[in-house]
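Input: a single structure, listed below in structure tokens.
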Amino acid sequence: MDGIKYAVFTEKSIRLLGNNQYTFNVESGSTRTEIKHWVELFFGVKVIAMNSHRLPGKGRRMGPIMGHTMHYRRMIITLQPGYSIPPLIEKRT
């Protein structure tokens, strides 16, 4: 699971959960086959489709010097019907 950083919870990703699609931020150097293997192995599900896009890094100013953060990749993973990933964040009581 070195390649998967964390799950993404935005308005779009929550809407995609209804279509059995899950969104993760992953390492930019990871390949699609590596991510598919890790998701299937770790969560015990079958992946039928994967879409990815690279998000640009944000600009950061440190005094007079303008820098930027690293870019990263976001994967939208579609699972076979009948499979699901359990909740990734549990509520505290």
Remaining members of the apolar cluster that contains L41, side-chain heavy atoms under 4.5 Å: none
Do the side chains of L79 and V47 get nearer than 4.5 Å, heavy atoms only? yes
If two hydrophobic side chains count as joined below 4.5 Å and joins carry through other members, does F42 share a cluster with V26? yes
Please go through I76's hydrophobic cluster and name the other residues, only I, L, V, M, F, W, Y counting, with side-chain heavy atoms under 4.5 Å joining them. L16
Heavy atoms only: give me the nearest I35-I77 pair and the separation to one decimal. CG2-CD1, 4.1 Å
Less than 4.5 Å apart, any side-chain heavy atom of R74 and any of R54? no
For E40 and V45, which heavy atoms make the closest approach, and how far apart are they? CG-O, 3.2 Å
Over all atoms of both residues, closest heavy-atom pair of S30 and G3: OG-CA, 3.6 Å
Under 3.5 Å, sequence neighbours excluded: what are the donor-acceptor pairs made by side chains of residues 6-15?
| from | atom 1 | to | atom 2 | distance (Å) |
| --- | --- | --- | --- | --- |
| Y6 | OH | N25 | ND2 | 3.0 |
| T10 | OG1 | S13 | N | 3.3 |
| T10 | OG1 | S13 | OG | 3.4 |
| S13 | OG | V8 | O | 3.0 |
| S13 | OG | T10 | N | 2.6 |
| S13 | OG | T10 | O | 3.0 |

L17: what forms a side-chain contact (heavy atoms from CB on, under 4.5 Å) with it, not counting sequence neighbours? Y22
Does any non-hydrogen side-chain atom of M75 lie less than 4.5 Å from one of R73? yes
The reported gap from CD1 in I4 to CZ in F43 (rounded to nearest 0.5 angstrom) is 6.0 Å
Report, one line per pair, each donor and acceptor closer than 3.5 Å where one atom sits in a side chain of residues 58-70; sequence neighbours left out.
| from | atom 1 | to | atom 2 | distance (Å) |
| --- | --- | --- | --- | --- |
| T69 | OG1 | K58 | N | 2.8 |
| T69 | OG1 | K58 | O | 3.4 |

With clusters built from Ile, Leu, Val, Met, Phe, Trp and Tyr whose side-chain heavy atoms come within less than 4.5 Å, directly or transitively, what are the remaining members of the cluster of Y72, listed by chain and number? L55
